[in-house]
Amino acid sequence: MELVIFSITALIAVIGAVAMLTSRNAVHSALFLLMNFGAIAVLYLLLQAPFLFAVQLIVYAGAIIVLFLFVVMLLGAERDEDETNPIRWQTPTALVMAILLIAEVVYVLISNPQTTVARVGNANVFAAPTDIARALFTTYLLPFEIASFVLLTALIGVVVLHQRRS
Amino acid sequence: MLPTIFYIGLSALLFVIGVCGVLMRRSALMVFMSVELMLNSANLALVTFANQWKSLDAQVMVFFVITIAAAEVAVGLALLVMIFMRKQTTNIDSMTTLKG
Amino acid sequence: MNQLGFPLVTLLIAVPFVAGLVVWFSPRQAYGLHRGIASIAAIANVVLAIIGLVSMAPVAGYQFVDSAAWFPAIGLKYAVGLDGINIWMVIIATLVMPLALFAARTQTQERQRGFYALLMMLSASTIGAFVAIDLLLFYVFFELTLVPTAMLIAMYGVGERKAAAIKFFVYPFVGSIFLLVSIAGLVILTWQQTGVWSFDSVALAGALNSGAVVLDEQVMHLLFAGFFIAFAIKTPIWPFHTWMPQAQAATPDHGAVDIAGLLLKVGAFGFIRFAIPFFPQAMSWAAPAVGILAVISIIYAGIVAFGQHDMKVLLSYATISHLGFVILGIFSQTVEGISGALLTMINSGLTTGALFVIVGILARNPGGRNPNNFSGVWASAPKFGTLALVIVFASIGVPGLNGFIGEFLSLQGAWLAPHLGFGYISGAVLGIVVSAAYLLRMFRTVFMGAVSTTSPVAEASKSELAVLGVLVIAMVVIGLYPQLILQSMQPSITALVSGISQP
Amino acid sequence: MTQLAWLLVLIPAFPLAGFLLNAFFLRGERATGIVASLSIVASFVTTLVAVTNLAATPEEARYISAHLWDWLAIGKVNVSVGLWFDPLTAVMTLLITGVGALIHIYSISYMHGDSRPHRYFAYLNLFVFAMLILVMSDNLFLLFLGWEGVGLCSFLLIGHYFERDSVAPGIVPSEASAKAFVANRVGDAGLLLAMMAIVSNFGTLSFFGADGNSGFISRLTDASFITVDLGLFGSIGLVSGIAMLMILGVAGKSAQLPLYTWLPDAMAGPTPVSALIHAATMVTAGVYLIVRMHVAFDLAPDAAGVVTVIGAATALIGATAAITQFDIKRVLAYSTISQLGFMVAAAGMGAYTAAIFHLLTHGLFKALLFLGSGAIIHGMHDIQDMRRMGGLRTHMPTVYRVYLIGALALAGIFPLAGFWSKDEILVHAWYGAQNVNVTVMLIFASWLTAFYMGRQMALTFAGSTRDHDVHPHEQLGTMKWPLYILAVASALGGIINLPGIHWLTDWLSPVLHHEAELFTWSMGIFAAIVVISAGAIGYLGYRLYSGELLTQIKAGEEDPAHYYLGDIWKGFEMGWGLDYVYQRLLVRPYRTFSQFLSDVFDRQAIDGILVEGSAGLVGKVSQAASRAQNGNVRTYALVFLIGVVIIVGYVVIGA
Amino acid sequence: MAFPSIDFMVIIQLVIVLAGATILLVVDLFIPAGRKRVTAVLALAITIAALVAGNYATTGTTLSAMVGFGAVAHAVNTVILAATAISILLASDALPKQGIERSETYVLMLLATGGMLLLSQGTSLATLFLGLELLSIALYVLTAIAFPNVASEEAGLKYLIVGSFGAGFLVFGIALTFGATGTLMLSQIAENIPQNGIERGYFWVGVSMMLVGFGYKVSLVPFHMWTPDVYQGAPTPITAYMSVGSKVAGFIAIVSLLQVLGNELITMRPVLMALSIATMLVGSIVAISQQSLKRMLAYSSISHAGFVMMAILNGTPASIDAAIFYLTAYTVTNLAAFAVLMVLENNDTDLTIGNLSGLWQRNPGLSAVMALALLSLAGVPPTAGFFAKFLVISTAWQNGIAWVAIAAALSSAIGAFFYVRCLIQMLSGHSDVAPARIPVSTLIAVIVVSVAIVLAGLMPGSVNAALAFAQ
């Protein structure tokens, strides 16, 4: 059962990713990315992370993708890559490297003697949002604050970059 | 009860696809999307491990990563829009005045 | 504090350095002041050096040592001192400064402030390199000498001064970096085996010779290679010599820079001071190859000098040729050879310095620096001509004058050395023929023949004649009584050769 | 030091003092001349005193030594500045100071009106000083000082007229002087090597040491068996190696094969200089060296053989060249080379006494001839070309007489000095060494000697003057007395070693340990044959050139003999073309080579390829790398990824 | 999970800087447009306050061991804050000259500084990650702050793309490391490094990816390619700031990362050596063919990064001290060089070597400073650069890794060439440009750094004293 759900969602995620990678139109890519994010959200659920499931949907699907779409529409930059690629060897080299990287990861995953097959998904620990909140405000207080500073920085940045020259 | 490596393999695959996106797409927008994909796959791995180790830390980490991702996208898009206003393109191949 | 009760050696460095600073920050128009301060400092330094010489005990090892902690974290000390070997380098290094200042009298006043300041800095750093006991301190001065010289060439030079200055700086610098690597290696390896961070050359030599530190051959050769590259380029030995003629072609005509740079024999000195006590086996191991290079330098530089049309370049090749003898003497690792090498360095300081003064005097005339533009100077300026004659023959190496003794001893030492032998000498001895060839050619073209109508040379001024005369007297004295110098070297050199680390 | 030692010091001290005075204080022509001459005369007198004192010393330890100061004391190199006065030194010193004094006096009027008389006399004094050091030094190192010192002085004196672009016959003084010095330098290199070999093997350069037999010479015998391995060149006995190296020095200084070419050009100097330096004294230094080192040559027969051959060959070559010359001084120059060949050959054959004997007599009559020719040149207003002379017998009778004596002496006509000395050499060659080839060569050479002297007499004095726009006159002034004295000396000089009397042999025996061979009738006959034949050939030469040939010879034209002998004659005239060969094979290639090295090799190969080249290589790499920096961020990311792949790959495989 | 005990004295500097930034942001609103220099002064005051506060900070960790403070952190914070102070001084003159009247610059600089401090003090991967991002995002904006200058915008975008690319790797690395060890705490990671099994694979891939994630920040080859473009495009004061600040911070992060490995460092050493050698050589080689001074300095900073790498790949305390010494020397030297550039460049011209000619006649003082900086970069005694170079080279010998030392020698040999070329150009050339005027605060900054260079060269011990090493 678990495996089935995993397989389906995984498939969707990969398809979404590949489609995003290949589709010529930025809007389509954004939508495929949305699909991928959704699939990943489902996986979060499988992994007993409901809070992150929510965050994923809200922040990514709700905010970031919308932001992307918004910008794409605003700029009308759907098809910005139609002129020919100036660097011919770029794509093939990139693919080769990507495959190599995959190969390395796969090597890591399969080569090692499976002393104990780590498993995930048993239900006895359910990371409730409250636990995460508590963690955020106790153990991870400082990182939390810093995250806020990061957002502040981004805020200032965006404002600065778009203030008109006086 | 799935082995961890299923999830890790998936996240790795997605990560690499994201990497390919950064390397192969020429619209800065697409590049940002690919970066988002990379971060997401990393998140997936984190969550997986969180579950494997029965530890919250990783989930908190994911939370932070999402935050950062948002911030980066915000700044990035702001820059991009600013540049687009002058260049009328988001294609990073056209941004090679600095070189050598 | 030393037996004198005042930091003699430190003063030797400090006096010109401070003088340089003062000149540098003095008002641009105070021409008299620039020259005055510089001259006073130079004279004072000579006096100091002579005090050191006379109050020196005839024993091996450093005297008048000034020592102070510098960078305790790595056991770095500021330690300077004099011994039989470097005292004479210091003497000459101080003596050439007044000579250089004398030659610099034709420097245009408007641009003389920085010139004198840099000259003083050069003198300070040169002396520093000679008196340093601490290895890294030596290195500091060793590289410091590059800066003022390169600046002098770049700012006051003639012709291709930019390229010359860059090459002058970079080429030896490249070598010296490998020296730095070797120093680091030596110190670290010593530290790992003895647990002591020390740059004290005496202590290091002691540790290496007493077997307290054992380097396996590979590492030893590697370290020695670092020392060798640095010193070989700085000396210079063929084929690392090309920076030198180019630099000297670009120095100002009056030759002050060349004279001040003459005692920049830090490279050859470094071989004696550090390479021999640290790596005697490696020296012997390398000697056959280096000997060949030295012989090539002697003959090659002699032949090239014969073809020169610029007297300064000719002289710089002559210097390279002399240094070939020096290197032979040093790598013989015999008492005779090392004494000869030191003596040859001193002589080349005196003789070539005098020759640069002569070229400076000639270069005032329309003829410039090309010997073919002159003729019959001996007739139009008899006194000048005769002095020039003696100096030329001193440089050729006629017995009775200083040049011969040094060369003879170097060659004799090399002959006695087990790893060199007469094969090298029979090659090197050709050097005395070619030197006669190129120097006599220059003398013949410039001083003999009918008096040139295009650029007749007037008799040199009283002061010039006086200066040259004094130099000539010095040459004759050294030539007839070299023991004057050699005796004071003996204890140190004997100790050096017998491998005893000096206390 | 004993008074005798101080006496010794005085001998060179006088000329030195004269030199210093002339160099720094005196300027007037007369003053300088007189001071210079007086200093040499004083030195001569001192020498006489010293000799008498020497004669008083016991036979087995017949030497006076004076140790002045330690010159070098480094490791194995221990050299002192010390003088050594033994019979050999005595005769050399007498010759140097005696002839020197005469030539100084002669110079006073010869150099009258010269632009730089003080320089001339200063150099002359300096030369005598150096020459005295050469012969009086008690060690090889100091000898080398004198050796190079005389070379220096010869450089200075040949170049005395340095501002002239050319003197007769078409020599550039500055070039000639440089040539002489460099040629000598080649020889000196050999001597230098010999010195180092001696130091390395014997640890001393002193000939005899303080006690007379602790020097290296006494130890040569023990070292005679040592051989040195020369790698590719096989191996050679130590002693003969040293001797061979010395031969190089001898060849340079005494103008032997293959280095004699500098001597004819050295005639660019004033004639008295030629007389003193290039005839009487300096050029004989080589012979002196061989005799001084005779132990080494006795121990090294191969080296001695080389010496003999060189000497004989040089004698022959010099003579043949002398036949053909028209410049009055060049004739004498080549004759000097040839006579030096006689001496060297004699020394090589072990006839050291004979060599010294000939050295002395030759010093006398060659000096006489040079001074005579000087007088002629002076009288002919600096014309040296014999084709423009002739008939001078009437114009300068005095010169004619003395010159005739000198010529006969040189030709070896009985009973003049030359006869005895040359004859002793020939006799030794035939009876002593029994070396037929050498004997024949030497005899032939002496015939030629007679011939060219006859020719010269004819061309110069016989007949009537050929060039009518010169008006020869004879006004000798102080030149007169030296000529007379030398004439007498060269007439009677033979006495000192007549067969049966042989004072010289006895005098030198403490040094050379030679007993005079007893005189046999066969020797007498041999000598008679030689001398008669020589006389005949000499007269033939005189007849030929004073007879009908005399009318054919005109200024600037070839010798009639050239018509018969053609290029052979020309070759003789060029001194067998050795000079030409050197010009073509050594000097010019050297010039080109050095130009090539300095302009091409040094700049382009060493600096251009090694230095700039490596720098340029880095530059190329740099440009390539900075082109890879194409400004496209995707490429940056790609390179980034490549890095990641490599690193991850390494750790995955490695860990 | 109780509320953690907070010892503010541990993070006092961080608190001052970040709080100061926030306050300054508000205060800035009430400062009229013409007098933005006041903002600069305030920012400077905040930085100096933080600098001083360092002496009162207490050693230890706090906030549930998310951050810590120690000798090394103190030293590094001092360098970072000093660099920030100098940069602010310089910016306050240079930015207005270039027509960039944006007082937020100082706020952003303070925020970036906060990020750096976090990198030096962080003891958890989370903290390090956030610190890095805080630093990066601030720097993206600062780089592009010279808009509408095209170069500046382009540089900003490139930096952002490469930066987020690197961030992706960092996060993935963190994920894997967590997967291998089950914790984000550096100390605990160090304790349970998996010895076998798949976890070991996770661990090493994770560590190397984190190395990459930090390595791009200090521009190790081959993650360096953004550096020249960004340095050239960014406004010079910002270039100066990031060339020193983010390098120091990034390296200290790498140091704490490598210390986690402990003995396992051996496994990583070949990689680190390769990185170091490549960085040293590529940096100096490519620098030769640069005409733009900023680009040249960018490449030179790359090769210097290689030198620092050479020191820290030993992992011994001594070598880390050497690395910090090197970073200090490099910081002051680079600041001096950039300061001179700022004085020379007017509005937004990109200076080339040619612009240096005749500087000696025009501004003797200025060219003296430049000469000092160049000599120090080349490592000529007696300047800070010399001892730095010597110390790192000697650390290379400690593990018998002479090859890195030789590569270092080659690199600085090549480097010497273009430094000296600038020097000679400056001394010998002639030009009829009017002498540049040195503004007051720049003058102060220049004097400070020059004194520092000479002092560190003549009395290297003083550096250790200033940074309070436990030598």
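Atom set for the values below is all heavy atoms of this structure, side chains included, hydrogens, waters and symmetry mates excluded. We name chains A, B, ... by the order of the sequence lines, and we start the count at 1 in each one.
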Measuring centre to centre across the rings, with the benzene-like ring taken for any Trp, is [X] within less than 6.0 Å of [Y]?
{"X": "C:F443", "Y": "D:F181", "result": "no"}
{"X": "C:Y481", "Y": "D:W71", "result": "no"}
{"X": "C:F408", "Y": "D:F141", "result": "yes"}

task = Kindly indicate, with the supporting measurements, whether the criterion side-chain contact (heavy atoms from CB on, under 4.5 Å) is fulfilled by C:F393 and D:E148.
result = CA-CA 11 Å; C:F393 273 93; D:E148 291 246 321; over 6 Å; no
Mind checking whether [X] and [Y] have side chains closer than 4.5 Å, heavy atoms only?
{"X": "D:L145", "Y": "C:F404", "result": "no"}
{"X": "C:I405", "Y": "D:V79", "result": "no"}
{"X": "D:V199", "Y": "C:W415", "result": "no"}
{"X": "C:P382", "Y": "D:R116", "result": "no"}
{"X": "D:F162", "Y": "C:F447", "result": "no"}
{"X": "C:H241", "Y": "D:D602", "result": "yes"}
{"X": "D:I74", "Y": "C:I493", "result": "no"}

With a 4.5 angstrom heavy-atom cut-off, could you sort out which part of [X] is near chain D: side chain, backbone, both or neither?
{"X": "C:Q487", "result": "neither"}
{"X": "C:L430", "result": "neither"}
{"X": "C:F306", "result": "both"}
{"X": "C:Q483", "result": "both"}
{"X": "C:T334", "result": "neither"}
{"X": "C:L411", "result": "both"}
{"X": "C:I396", "result": "both"}
{"X": "C:W238", "result": "side chain"}
{"X": "C:V170", "result": "neither"}
{"X": "C:Y171", "result": "side chain"}

Counting only non-hydrogen atoms closer than 4.5 Å, does [X] touch chain C with its backbone (N, CA, C, O), its side chain (CB onward), both, or neither?
{"X": "D:S115", "answer": "neither"}
{"X": "D:L142", "answer": "neither"}
{"X": "D:F155", "answer": "side chain"}
{"X": "D:D165", "answer": "side chain"}
{"X": "D:A615", "answer": "neither"}
{"X": "D:E175", "answer": "both"}
{"X": "D:R591", "answer": "both"}
{"X": "D:V186", "answer": "both"}

ask   = If you count heavy-atom pairs under 4.5 Å with chain D, which of C:M489, C:E336, C:R441 comes out on top?
value =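 It is C:E336.
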ask   = chain D: which of C:V174, C:T445, C:V335, C:L440 shares the most heavy-atom pairs with it under 4.5 Å?
value =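 Winner by heavy-atom pair count: C:L440.
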Separation between [atom1] of [X] and [atom2] of [Y], rounded to the nearest 0.5 Å:
{"X": "C:H309", "Y": "D:D599", "atom1": "NE2", "atom2": "CG", "answer": "6.0 Å"}
{"X": "D:L72", "Y": "C:S339", "atom1": "CG", "atom2": "OG", "answer": "9.5 Å"}
{"X": "D:I606", "Y": "C:T242", "atom1": "CD1", "atom2": "OG1", "answer": "7.5 Å"}
{"X": "D:S598", "Y": "C:I303", "atom1": "OG", "atom2": "CD1", "answer": "10.5 Å"}
{"X": "C:L486", "Y": "D:D70", "atom1": "CG", "atom2": "CG", "answer": "12.0 Å"}
{"X": "C:L416", "Y": "D:K76", "atom1": "CG", "atom2": "NZ", "answer": "5.5 Å"}

Examine distances only and state if a side-chain atom of [X] and a backbone atom of [Y] form a donor-acceptor pair shorter than 3.5 Å.
{"X": "D:R185", "Y": "C:I432", "value": "yes"}
{"X": "D:E163", "Y": "C:G376", "value": "no"}
{"X": "C:Q412", "Y": "D:V77", "value": "no"}

When only pairs under 4.5 Å are counted, which of [options] shares the most heavy-atom pairs with chain C?
{"options": "D:L245, D:L152, D:L610, D:V81", "result": "D:L152"}
{"options": "D:V182, D:V611, D:L597, D:L193", "result": "D:L193"}
{"options": "D:G75, D:A73, D:A178, D:G149", "result": "D:A73"}

key: Nearest non-hydrogen partners of D:Y590 and C:G302, listed with the distance   =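 Looking at all heavy atoms of both residues, the closest pair is OH-O, 4.3 Å.
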ask   = Passes side-chain contact (heavy atoms from CB on, under 4.5 Å), D:S177 versus C:M448? Steps please.
value = CA-CA 11 Å; D:S177 54; C:M448 294 171 129; 3.9 Å; yes
key: Residue D:Q583 excluded, over 12 heavy atoms near CD under 6.0 Å   =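 Count over threshold, so yes.
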